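Each chain gets a letter, A, B and so on, in the order the sequences are listed, and its residues count up from 1. Keep in mind the model is a prediction, meaning the values are calculated, not measured.
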Protein chains: 2
Amino acid sequence: MSSGRRRKGIREVAAAAGVSVGTVSNVLNSPDIVAVDTRKRVERVMHELGFVRNGLARQLREGRGSTVGAVVLDIGNPFFTEVARGIEDRLAEAGCLLTLCSTDQRPEREARYVQMLEEHGVRGLLVTPSRRDFTSLLAVQRRGVPVVLLDCPSPAEELSSVSIDDVRGGELAAAHLVSQGHRRILFLNGPAQVMQCAARSRGARRAVRQAGLDPSRHLFEVEMSRADTDRAEHTLKQILALPQRPTAIMCVSDMVALGVMRGLRKQGVKVPDDIAVVGYDDVPFAAELATSLTTVRQPTYELGHAAAEILLTEADPAVPTRPQQLVYQPELILRESA
Amino acid sequence: MSSGRRRKGIREVAAAAGVSVGTVSNVLNSPDIVAVDTRKRVERVMHELGFVRNGLARQLREGRGSTVGAVVLDIGNPFFTEVARGIEDRLAEAGCLLTLCSTDQRPEREARYVQMLEEHGVRGLLVTPSRRDFTSLLAVQRRGVPVVLLDCPSPAEELSSVSIDDVRGGELAAAHLVSQGHRRILFLNGPAQVMQCAARSRGARRAVRQAGLDPSRHLFEVEMSRADTDRAEHTLKQILALPQRPTAIMCVSDMVALGVMRGLRKQGVKVPDDIAVVGYDDVPFAAELATSLTTVRQPTYELGHAAAEILLTEADPAVPTRPQQLVYQPELILRESA
DNA sequence: ATGAAAGCGCTAACAT
DNA sequence: ATGTTAGCGCTTTCAT
């Protein structure tokens, strides 16, 4: 039953209403130029026939789609989840749909999704790149599909971007630990390839240096191939086995901090007495942990909302625009863990 | 610069390679039937021209799209976030894209999204309905777009569905509280209109009854118009102001439990000594709360994965199928909060 | 106010 | 092996 007879088109509506397809199209797109009773009749027929406009055909004809693609690292991550809501809400106002893709920080997945989305005729692309090389994104943009970098600055400013100052965020976190007297700080980071990770690392080093200390003596970094809870917990075990334990662990995300806290608890290590922990993101649960988490808050919803806003204006052919860079500032949230 | 000259199509590729559009189409869809050197040449030209296949035109021609729409209550909710990953991963295997929509439990948003998605020519729809009336979804299905209910059983079984036994889940949670001696249990629920909420409520009553007690004396329900953290915290304040405080609060979700725990902590009420709390979902942070959360775990990723699986087979015209119902069982996770 | 007709870019016969 | 061509369902001039 599911594939009865083919979907009804404006053709059969036109036939059933005794008008031409042009008129049907007009009641759809310019109802006011159609005689009232003709319009009523056509609308009634549409309803009777269960007519549903074929958006594919429409978009093909109009030359542009009405969906926007967002390529992020992982929808499962609360950070992106909030960002996604910001994007979706702004797009909804514009009548656009959001297609979400998770790359898991894998460049080949990113490339594949970007290509699929471009082929699908998206109105624009929001992407959190998994590496520093933007040439393929630039190519996409050159082909007429606006691209806005999400949570990542655009080094040469050829692409619009909405980001949060990650260097500052890393600095905020590390500076706090240093001010608390920590001299053996471990930064549990994600892949250096990921710009946010690299930036936070730079910020951390800057903070240490600004305290008149030598980063190479006081700041140690462990890079995980993926920054998720389980991997963090696993990595933590190895860290605890080290001859000299750190006195503080700065985590690249709250999810990582979650894994760290879990691992620490299992090993009976007290936070913050034995080891201090700082997270990053301030996800909803951060305040409610067994030991509430000191972390860096980022305006996530706003990030997504602003990115969608910029994308939408860039996608409007009537308004010529130059790439613009928007940078939000993170904020240190002091709680018990450090 | 963004809208330089129009996107290149197979036409200009054909011209530049000195072949016909049919041949270009063939190197795209049946590379093996094209002479090797012709193919190489065409591929090189495609690359030089930066050719990107127009998926809209292709899908229009082929009569079916390659994106799947998921209409959920809120992507911001960790439950759906996990479900979404399950869906996405299965779809990726099939080369399909996922378009995600949040309804915030509002029927008019649901209707709007469902219509937009149908117009966009989705291959199928995954939907968590915000009310009990499925007639519009049935209409969509009848027009040839397979619909799979997500996290919601299909009463008359006319639609496929993948769900978790919410009656059982509610029963599990309430039975535990009753067995702990609680005789004044408050169920902080979402809108009764939402099937999951109604089902858990039924389960809770069943548990009380099965303990030989009268639900109307021992189980009280407060319905919130939206089940989010902030609203829960706010509602909790009113509950604490009641003449007779409950001895246990059963929450319809971990997000609600989070708000409750936060509110309780602010008021200096001890969990579980003064009031016991049970959540629902077992989101990643549940184990790490100041007081770890006793909750009901649901196989979320599996739910999404299975739903996508069913949808994909239903969307395959070669395999005629009957609607199928899949029901997962929830599991009580005992921790400190109750 | 309405109708007729030309594509949007692609695929799939069918013809060569 | 490759070329030609007829649409997919719609929007949009241009006529009437």
Side-chain angles (χ1 to χ4, degrees), chain A residues 3 5-43 45-46 49-66 118-123 143-145 317, chain B residues 3 5-43 45-46 49-66 118-123 143-145 317:
Chain A
S3 55
R5 49 214 180 292
R6 188 162 69 273
R7 228 163 106 163
K8 271 94 174 80
I10 54 171
R11 233 187 163 100
E12 22 272 277
V13 172
V19 294
S20 75
V21 294
T23 301
V24 177
S25 177
N26 280 335
V27 347
L28 249 20
N29 306 299
S30 324
D32 26 304
I33 74 164
V34 178
V36 206
D37 46 342
T38 311
R39 184 168 52 90
K40 297 269 188 206
R41 185 159 33 99
V42 172
E43 283 169 344
V45 172
M46 283 180 169
L49 259 46
F51 167 78
V52 177
R53 202 211 218 107
N54 184 328
L56 257 31
R58 193 191 7 183
Q59 291 173 13
L60 172 60
R61 180 59 229 247
E62 291 191 330
R64 71 180 204 155
S66 60
E118 187 180 3
E119 291 185 352
H120 271 73
V122 291
R123 183 170 299 189
R143 272 177 233 121
V145 180
Chain B
S3 56
R5 48 215 180 292
R6 191 164 63 270
R7 230 162 105 163
K8 271 96 175 79
I10 54 171
R11 234 188 162 99
E12 22 271 278
V13 172
V19 296
S20 74
V21 294
T23 300
V24 176
S25 177
N26 280 335
V27 347
L28 249 18
N29 305 299
S30 323
D32 26 303
I33 73 164
V34 179
V36 208
D37 45 344
T38 312
R39 185 169 51 90
K40 297 268 190 208
R41 185 157 34 101
V42 173
E43 283 170 343
V45 171
M46 284 180 169
L49 260 46
F51 167 77
V52 177
R53 201 210 218 107
N54 184 327
L56 258 29
R58 182 164 57 153
Q59 292 173 11
L60 172 60
R61 178 59 228 245
E62 291 192 332
R64 73 178 203 155
S66 60
E118 186 181 4
E119 291 185 351
H120 271 73
V122 291
R123 183 170 300 188
R143 273 178 233 119
V145 180

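Residue contacts shown for Gly121(A) are absent, as no nucleic acid heavy atom lies under 4.0 Å away. Contact annotation for Thr23(A): backbone-only contact, meaning every heavy-atom pair under 4.0 Å involves sugar-phosphate atoms and none involves a base. Using a 4.0 Å heavy-atom distance criterion, Val19(A) is classed as a sugar-phosphate-only contact. Nucleic acid contact class of Gly63(B) (heavy atoms, under 4.0 Å, all strands): none.
Summarising the geometry, the separation between NZ on Lys8(B) and C1' on dC8(C) is reported as 16 Å, rounded to the nearest angstrom. At whole-Å resolution of the value, CG in Asn29(B) and C1' in dA13(C) are 14 Å apart. In this structure, Gln59(A) places its CD atom 13 Å from P of dC10(D), rounding to the nearest Å. Straight-line distance from the CZ atom of Arg61(B) to the C1' atom of dA6(D): 8 Å, rounded to whole Å. What separates CZ of Arg39(A) from C1' of dA1(C) is a distance of 13 Å, to the nearest Å. If you measure from atom NE2 of His120(B) to atom P of dG9(D), you get 17 Å, rounded to the nearest angstrom. Atom CZ of Arg53(A) and atom C1' of dC8(D) are 17 Å apart (whole Å). Remark: P of dC8(C) and CZ of Arg11(B) are 6 Å apart, rounded to the nearest angstrom.
Relative to the side chain of Thr38(A), the nucleotides dA6(D), dT2(C), dT11(D) differ in distance, and dT2(C) lies closest. Closest to the side chain of Ala35(A), out of dA1(C), dC10(D), dT12(D), is dA1(C). Taking every side-chain heavy atom of Ala57(A) into account, dG9(D) is the closest of dG9(C), dT2(C), dG9(D). In this structure, the nucleotide among dC10(C), dC8(C), dA1(C) sitting nearest to the side chain of Arg58(B) is dC10(C). When the nucleotides dG3(D), dG9(D), dT12(D) are ranked by their closest atom to the side chain of Ser20(B), dG3(D) comes out on top. Residue Ile33(A) has its side chain nearest to dT2(C) when only dT11(D), dT2(C), dG9(C) are considered.
Rounded to the nearest 0.5 angstrom, Arg53(A) CZ and Ile10(A) CD1 are separated by 9.5 Å. Distance check: Met46(A) CE to Leu28(A) CG gives 4.0 Å after rounding to the nearest 0.5 Å. Here the CD-CG distance, from Glu62(A) to Leu56(B), works out to 10.5 Å after rounding to the nearest 0.5 Å. Note that the CD atom of Glu119(A) and the CZ atom of Phe51(B) stand 8.0 Å from one another [nearest 0.5 Å]. Note that CZ of Arg58(A) is 7.0 Å distant from OG of Ser66(A), once rounded to the nearest 0.5 Å.
Along DNA chain C, the nucleotide closest to Asn26(B) and the one closest to Leu56(B) are compared, and the more 5′ of them pairs with Leu56(B).
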